[in-house]
Chemist: 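Handing you a structure now.
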Amino acid sequence: MRQGPSWFNVTSLVLGFSFLYLPIVLLVIYSFNESRLVTVWGGFSTRWYAGLLDNQQLLDAAWVTARVAFFSATIATVLGTLAAMVLARSGRFLGRTLFSGMVYAPLVMPEVILGLSLLLLFVAIDQARGFWTIIIAHTTFAMCYVAVVVQSRLAGFDRSLEEAAQDLGCPPFRTFFAVTLPIILPGVVAGWMLAFTLSLDDLVIASFTTGPEATTLPMKIYSQVRLGVTPEINAVCTILVGLVTVVVVFASIMTRRQEAARVRDMRKAEAQI
């Protein structure tokens, strides 16, 4: 019996990954193009990266995007972790189905509908749209992703560790920060990274909820691309790709280290018993 993947599976895998990542590779390559024409290679150069420092509009948009992503990811991580704790620990309670449906709804809801709904809400309460409305919108749709990640981490949690801490006199609030949180920290960090990346990349929801004083980088790039792609756009997109890659790699390393530390501590505890 033949072992290993077949030629069809290998070919399908190569074609699939090529379709997904080859355009990104070409974008990164042409961001170092000397020529102003993005489709004509004129030699290797970093002039467009240096030119970004003189583009104040792009720098302002990038600063707004970074702040929005940080604040929305942090708030979404706190709320998503609390929601995951309720769903994983509370069992059956009145309104659980409604609560879980509201938590997971943004996962399947189109971004256009979510953005339009939030826009109508802000208009109804006469809330001026700007920096904080984008944060509220991004927190709304990023919270569900954090809840899913943290809840999956809590699914394999050993409750006897919390019970042992409470038997030794540790109050529930302190038990959460001393026992529960360090164990689920890889899931929390991964949820924060995911929420940060989603906020960094969002265009549709931000377009509905932003104002004239808060333009995010994806919105700025989209408005310029409609007039034609420039080498500076390629450079900005390459920086975004690099930033997202660093975030994903960092989250993966943190998760593996935390998991290895947890397994090591569990083995030490079992050896001492």
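The residues of the chain are indexed from 1 along the displayed sequence.
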Chemist: Using a 3.5 Å distance criterion without hydrogens, assess whether the side chain of S12 forms a donor-acceptor pair with backbone atoms of N9.
Modeler: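 Side chain of S12 to backbone of N9, a donor-acceptor pair under 3.5 Å: no, none is there.
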Chemist: Show which side-chain atoms of residues 17-30 pair as donor or acceptor with protein atoms under 3.5 Å away, not counting sequence neighbours.
Modeler:
residue : atom : partner : partner atom : Å
S18     : OG   : V14     : O            : 2.7

Chemist: Could you measure the distance from the OG1 atom of T210 to the CZ atom of R129? Nearest 0.5 Å is fine.
Modeler: 9.0 Å
Chemist: Roughly how far, to the nearest 0.5 Å, is the CG atom of L58 from the CD1 atom of I239?
Modeler: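 Reported to 0.5 Å precision, the distance equals 9.5 Å.
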Chemist: Can you check whether L217's main-chain N or O pairs, donor with acceptor, with T65's side chain at less than 3.5 Å?
Modeler: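 Side chain of T65 to backbone of L217, a donor-acceptor pair under 3.5 Å: yes, one is there.
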Chemist: Got F99 and L87 here, is their nearest side-chain heavy-atom distance under 4.5 Å?
Modeler: yes
Chemist: Nearest 0.5 angstrom please: L118 CG to T140 OG1, how far?
Modeler: 5.5 Å
Chemist: Excluding sequence neighbours, so at least two apart, what forms salt bridge (charged side-chain N to carboxylate O under 4.0 Å, His left out) with R89?
Modeler: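 With sequence neighbours excluded, R89 shows a salt bridge (charged side-chain N to carboxylate O under 4.0 Å, His left out) to E162, given in chain and number order.
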Chemist: Less than 4.5 Å apart, any side-chain heavy atom of S35 and any of N33?
Modeler: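 They are in contact (side-chain heavy atoms under 4.5 Å apart), so the answer is yes.
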Chemist: Do we see a donor-acceptor contact under 3.5 Å between the side chains of S199 and S72?
Modeler: yes
Chemist: Could you name each residue pair satisfying side-chain hydrogen bond (donor to acceptor under 3.5 Å, both in side chains) that touches residues 102-122, not counting sequence neighbours?
Modeler: Y104-Q151
Chemist: State whether a side-chain donor-acceptor pair under 3.5 Å links Y49 with S31.
Modeler: yes
Chemist: Does the side chain of T216 reach to within under 4.5 Å of the side chain of M219, using non-hydrogen atoms?
Modeler: yes
Chemist: Contact between F122 and I136 at the side-chain level, heavy atoms closer than 4.5 Å - yes or no?
Modeler: yes
Chemist: Distance check, rounded to the nearest 0.5 Å: I134 atom CD1 versus F208 atom CZ?
Modeler: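 The CZ atom of F208 is 13.5 Å from CD1 of I134, to the nearest 0.5 Å.
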Chemist: If I take atom NE2 from residue H138 and atom CE from residue M143, how far apart are they, to the nearest 0.5 angstrom?
Modeler: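 Rounded to the nearest 0.5 Å, the NE2-CE separation comes to 14.5 Å.
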